[in-house]
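Note sheet for the following structure.
All residue numbers in this chain count up from 1 along the given sequence. None of these values were measured; they are calculated from a predicted model. In each ligand, atom 1 is the first atom listed, and ligand 1 is the first ligand listed. Reckoned from all heavy atoms, side chains included, excluding hydrogens, waters and symmetry mates.
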Amino acid sequence: MAILTILEYPDRRLHKVARPVTAFDDRLHKLVADMTETMYAANGVGLAATQVDVHERVVILDLSETRGDLRVFVNPALTWISPETAEGEEGCLSVPGIFDKVTRPAKVRVHAQDAHGNAFELACEDRLAVAIQHEIDHLDGKVFVEKLSLLKQARARAKLRKRHTEEQRERQRDPHRVARREPTGL
Ligand code: NI
């Protein structure tokens, strides 16, 4: 397994639309294993392949406290969204340090395949509904901050620039330092 580099907003590669997976082979299994290691190392609860610059429709989630409930979604698609919406706070491993409220359908049904190609359908609500919608957005080249007001988007970009400058300075002082990551990123 290997820890992959997570692209950070506003990297243009985050806007690529991922293509469907057609081969459920060793290469896919290695991608899932590497994404899993990357997500856990970054303290994340979800990761889309797009975020590690692989533009294929693969998402992983683990919303558990124990980090022992990994869910793999290959070619996920929403088959139903609830008319009622809910506002939830979101963060993203590709937008470190930025958390904001996003309104989305409160409940969804998702159709997907597992890493071996077996189809399944899952009813999602609460944080799971937020997380799967956030990750499917990544596969479609969308980042959650783009749902915020233009003012908030500009603030987020300024905050990220400042963070990058600070990180560079810290790296110069201590080249072995590991980058900070807040938990609950998707
Ligand atoms: Ni994200």
Side-chain angles (χ1 to χ4, degrees), residues 3-21 31-65 67 69-78 81 85-106 108 110 112 122 124-150 152-161 163-164 167 179-186:
I3 294 181
L4 308 171
T5 302
I6 298 175
L7 300 179
E8 289 192 7
Y9 178 80
D11 194 307
R12 296 183 63 82
R13 290 170 290 181
L14 287 168
H15 295 131
K16 287 190 187 179
V17 177
R19 59 187 172 274
V21 170
L31 172 63
V32 170
D34 288 348
M35 283 174 62
T36 304
E37 193 176 7
T38 303
M39 178 181 75
Y40 286 140
N43 252 331
V45 296
L47 189 69
T50 304
Q51 292 176 273
V52 293
D53 202 21
V54 175
H55 302 280
E56 298 176 34
R57 303 191 80 82
V58 179
V59 161
I60 58 169
L61 294 177
D62 186 346
L63 302 177
S64 70
E65 295 282 326
R67 325 258 59 201
D69 185 26
L70 184 75
R71 293 167 191 259
V72 179
F73 302 82
V74 180
N75 300 323
L78 301 179
I81 57 172
T85 57
E87 191 184 59
E89 180 148 283
E90 295 187 30
C92 179
L93 293 175
S94 294
V95 196
I98 308 289
F99 297 87
D100 216 320
K101 292 199 168 74
V102 177
T103 300
R104 298 180 182 274
V108 299
V110 60
L122 188 66
C124 308
E125 55 183 41
D126 300 325
R127 288 174 67 222
L128 182 57
V130 172
I132 193 65
Q133 291 179 81
H134 177 115
E135 301 305 348
I136 291 175
D137 276 355
H138 273 305
L139 300 181
D140 291 329
K142 295 181 223 155
V143 182
F144 89 99
V145 281
E146 291 154 2
K147 291 183 178 288
L148 306 177
S149 69
L150 291 176
K152 281 187 173 179
Q153 290 185 44
R155 275 198 204 134
R157 282 195 297 272
K159 202 169 161 186
L160 286 166
R161 269 197 302 275
R163 184 186 171 104
H164 281 143
E167 280 189 353
R180 290 167 292 162
R181 294 269 183 201
E182 292 80 4
T184 75
L186 286 162

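Under the 3.5 Å distance criterion, with hydrogens and angles disregarded, a donor-acceptor pair is assigned to the side chains of His55 and Asp53.
Of all protein N/O/S atoms, those under 2.8 Å from the Ni ion (ligand 1) are Cys92 SG, His134 NE2, His138 NE2, Leu186 O, and waters are not counted.
In this structure, SG on Cys124 lies 8.5 Å from CG on Leu61, to the nearest 0.5 angstrom. Of the inter-residue distances, the one linking Ser64 atom OG with Arg71 atom CZ reads 9.5 Å to the nearest 0.5 angstrom.
Residues Tyr40 and Arg67 meet the side-chain proximity criterion, which asks for heavy atoms closer than 4.5 Å. The shortest side-chain heavy-atom distance between Leu31 and Asp34 does not fall under the 4.5 Å cut-off.
The neighbour count for Glu89 CD, taken as heavy atoms of other residues, nucleotides or ligands under 6.0 Å away, is above 12.
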